[in-house]
Amino acid sequence: MRVLICGAGIAGLALAGLLERDGHEVIVVERAPAPHGAGYMLDCQGPGFDAAESMGLLPELRERAFTLSELVHHDDEGTVTGRYADDRPGSDRILSMMRGELEDVLYRSMKTRVRFGRTVRAYDDLGDGLAVTLSDGGVERADLLVGADGIHSRIRTLAFGAAGHTLLDLGFHTAAYVFDDPETARALGNDLHMLEAPGRQVGAYPARDGRVATLFTHRTAPGAPLPADPRAELRKVYGGRGWLVPRLLDNCPAEPYYDRVAQIDLPAWSRGRVTLVGDACQAMSLLTGQGAGMALAAAHALAGELRAGGDLEGALARYERAVKPVAVRVQAEGRAMAEEFVPAS
Ligand SMILES: Cc1cc2nc3c(=O)[nH]c(=O)nc-3n(C[C@H](O)[C@H](O)[C@H](O)COP(=O)(O)OP(=O)(O)OC[C@H]3O[C@@H](n4cnc5c(N)ncnc54)[C@H](O)[C@@H]3O)c2cc1C
């Protein structure tokens, strides 16, 4: 088969690697001009860990993974108000790493080169295949088009229309970025540090090579628009806080990662020769800590069903039947957590 994957994130790269190993011809287009940077720390666990194991990626992933020793809470004066060791059960089957590192391992494990700086403009179903028009004007024939383009999926909109899904806004905005600051990175030691204030939370932890990684999450009215200037918004929301917050804000880049915390509910994941994988159809939000793992697991399941053969429609239906119930359960757990996450008072 000739498969065109839109999106070179975790789901897209994992799927591309698996499909090329099965002898499919794969094209990957990615809107970003180059691989993403470090991003933020995520945990790969549960079905995602199992998928990584079966893809033979564990040795490489273990090399990139790191373990933060403790969660350390601070108040605005910088006084430590609590320390908690990471005592999650089964921690030998949890890998914590920067999102960029996971993507890099996936990218290095495949031969197909990503066509960066491109997206899918439109597609036509010709009956025996698709004609996919790219943003660079090129037209590619494909037997299957996969939208692995994240929570704001363009392929989802092309296939199902803008009103074809529900975006469940959980009532938070979040931001993350990484910056060079060896002195602060040293001071953070090997711990995840947090400041919690009513309706907002700031995290900082050491990343590789003297860099500091940040994570900001604050409550918003559900459906509140995303700010035009995320850096200015972070200053507005967190500007009065103490501890390390002024230093973190001073190092905020012009365009940090900034998005709403949300989930996607989509009645059907495939339409004809078009299907979705990862956040594009099953976004569960950072509250669950399982979106990346589930994206890996979904890519693994989709590749497995395509390998099993039979007609394409049947394979896509089996993929959805296998993954969706798990995704829906994790989404429900995430929504339940939203009540207590970053308390309003
Ligand atoms: C702050 C934060 C912390 C998180 N922590 C965890 C965690 O601890 N554990 C966990 O498992 N998950 C975590 N997640 C969730 C996890 O990051 C996502 O669920 C995961 O990245 C989904 O992978 P994906 O490949 O489906 O989508 P994405 O990672 O969003 O990748 C989509 C890709 O498609 C590209 N793209 C987008 N639009 C287009 C387009 N129109 N054309 C072409 N390309 C396009 C994007 O540039 C990107 O490369 C966290 C998320 C956030 C924001």
Side-chain angles (χ1 to χ4, degrees), residues 4-16 27-49 51-52 65 68 88 94-104 106-107 114-122 132 134-136 145-158 170 172-178 192 201-203 205 213-217 256-264 269 276-299 302 323 327 330-331 334 341:
L4 198 149
I5 299 173
C6 181
I10 294 160
L13 293 172
L15 183 66
I27 299 167
V28 185
V29 295
E30 161 62 46
R31 184 179 57 184
H36 298 293
Y40 41 80
M41 179 177 68
L42 45 76
D43 290 333
C44 180
Q45 54 186 315
F49 188 97
L68 295 173
R88 285 175 293 182
I94 301 175
L95 291 172
S96 303
M97 70 191 74
M98 300 304 282
R99 174 183 149 165
E101 300 272 356
L102 174 53
E103 290 178 346
D104 190 50
L106 291 167
Y107 197 28
V114 172
R115 300 188 195 175
F116 287 100
R118 289 172 185 77
T119 185
V120 169
R121 191 180 289 157
V132 183
L134 303 181
S135 54
D136 61 6
L145 170 61
V146 182
D149 47 350
I151 189 165
H152 304 293
S153 172
R154 173 166 177 75
I155 302 301
R156 187 180 63 222
T157 303
L158 289 176
L170 299 185
F172 303 91
H173 284 182
T174 189
Y177 54 86
V178 175
L192 167 59
Q201 182 189 74
V202 185
Y205 51 97
T214 62
L215 178 62
F216 297 79
T217 313
Y257 167 83
Y258 189 108
D259 205 349
R260 59 180 86 253
V261 176
Q263 298 183 332
I264 291 295
W269 287 4
L276 303 170
V277 67
D279 271 16
C281 56
Q282 65 181 31
M284 37 198 64
S285 89
L286 67 97
L287 301 190
T288 67
Q290 297 198 49
M294 285 297 296
L296 267 184
L302 175 55
V323 180
V330 178
Q331 286 181 323
F341 192 72

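In listed order, ligands and their atoms are each counted from 1. All of these numbers come straight from a predicted model, not from anything done at the bench.
The parts of R31 lying near ligand 1 are both backbone and side chain, judged by heavy-atom distances below 4.0 Å. Under 4.0 Å from ligand 1, not a single heavy atom of T288 appears. Using a 4.0 Å cut-off between heavy atoms, R99 contacts ligand 1 through its side chain alone, with no backbone atom that close.
For the residues D149, L134, V261, the heavy atom positioned nearest atom 36 (N) of ligand 1 is part of D149. The option with the heavy atom closest to atom 13 (C) of ligand 1, from among L42, L15, I5, is L42. Counting only non-hydrogen atoms, the option in S96, G7, A148 that gets closest to atom 32 (C) of ligand 1 is A148.
When each atom of ligand 1 is checked for a heavy atom of Q290 under 4.0 Å away, the hits are 9 (N), 10 (C), 11 (O). Near G289, meaning under 4.0 Å from any of its heavy atoms, are these atoms of ligand 1: 7 (C), 8 (O), 9 (N), 10 (C), 11 (O). Every atom of ligand 1 is numbered from 1 in the order shown, and the set under 4.0 Å from a heavy atom of G278 is 26 (O). The G150 neighbourhood of ligand 1 comprises atoms 27 (O), 30 (O), 32 (C), with distances under 4.0 Å to a heavy atom of that residue. For ligand 1, the atoms lying closer than 4.0 Å to a non-hydrogen atom of C6 are 42 (N), 43 (C). Of all atoms in ligand 1, numbered sequentially from 1 with element shown, those under 4.0 Å from a heavy atom of G9 are 25 (O), 31 (O), 33 (C), 49 (O). Those atoms of ligand 1 with a heavy atom of Y257 less than 4.0 angstrom away are 53 (C). Numbered from 1 in the order shown, with element, the atoms of ligand 1 that lie under 4.0 Å from a heavy atom of G293 read 11 (O).
Checking only distances, A32 never comes within under 3.5 Å of ligand 1, N or O to N or O. Between A292 and ligand 1, an N or O atom pair is found at a separation short of 3.5 Å. Note: an N/O pair closer than 3.5 Å links D279 and ligand 1 by distance alone. The shortest N or O to N or O distance between T119 and ligand 1 is under 3.5 Å. The shortest N or O to N or O distance between D43 and ligand 1 is below 3.5 Å. For ligand 1, one of its N or O atoms has an N or O atom of A11 under 3.5 Å away. Looking at L215 next to ligand 1, no N or O pair under 3.5 Å apart turns up. Close N/O approach between I151 and ligand 1 is not found [any backbone or side-chain N/O within under 3.5 Å].
The residues R154 and D149 are annotated as not salt-bridged, no charged nitrogen and carboxylate oxygen being separated by less than 4.0 angstrom.
Residue H36 places a heavy atom under 4.0 Å from ligand 1. Put simply, part of A8 is less than 4.0 Å from ligand 1, judged by heavy atoms.
One finds the CD1 atom of I264 at 4.0 Å from the CZ atom of R156 (value rounded to the nearest 0.5 Å). Between H173 atom NE2 and R260 atom CZ the span is 4.5 Å, to the nearest 0.5 Å. Note that CG of L158 is 8.0 Å distant from OG1 of T119, once rounded to the nearest 0.5 Å. Taking CD of Q263 as the start and OG1 of T288 as the end, the distance is 7.5 Å to the nearest 0.5 Å. Within the model, atoms CD1 of I94 and CZ of F49 stand 9.0 Å from one another, a figure rounded to the nearest 0.5 Å. With values rounded to the nearest 0.5 angstrom, Q201 atom CD is found 7.0 Å from L215 atom CG.
Side chains of H36 and E30 form a contact here, defined as non-hydrogen atoms less than 4.5 Å apart. Contact annotation: the side chain of L170 never approaches that of F341 to less than 4.5 Å [non-hydrogen atoms, C-beta and beyond]. The shortest side-chain heavy-atom distance between S153 and L276 falls under the 4.5 Å cut-off. Using a 4.5 Å heavy-atom cutoff, the side chains of M294 and P47 are in contact. Annotation: side chain of L106 is in contact with side chain of L296 (closest heavy-atom distance under 4.5 Å). Side-chain contact between L134 and L4: present, with at least one pair of heavy atoms (C-beta onward) separated by less than 4.5 Å.
The protein non-hydrogen atom at the shortest distance from atom 46 (C) of ligand 1 is E30 OE2, 3.5 Å. Considering only non-hydrogen protein atoms, atom 17 (O) of ligand 1 sits nearest to Y40 OH, 2.7 Å. Protein heavy atom nearest atom 23 (O) of ligand 1, with residue, atom name and distance: A295 CB, 3.8 Å. Nearest protein neighbour of atom 21 (O) of ligand 1, counting heavy atoms only, is I10 CD1, 3.6 Å.
Screening I155, I10, V146, V323 for a side-chain contact (heavy atoms from CB on, under 4.5 Å) with V277, the sole residue that qualifies is V146.
For the residue pair S285 and A262, the shortest heavy atom distance occurs at CB-O, 3.6 Å.
For Y258 and Y177, the ring centers sit 6.0 Å or farther from each other.
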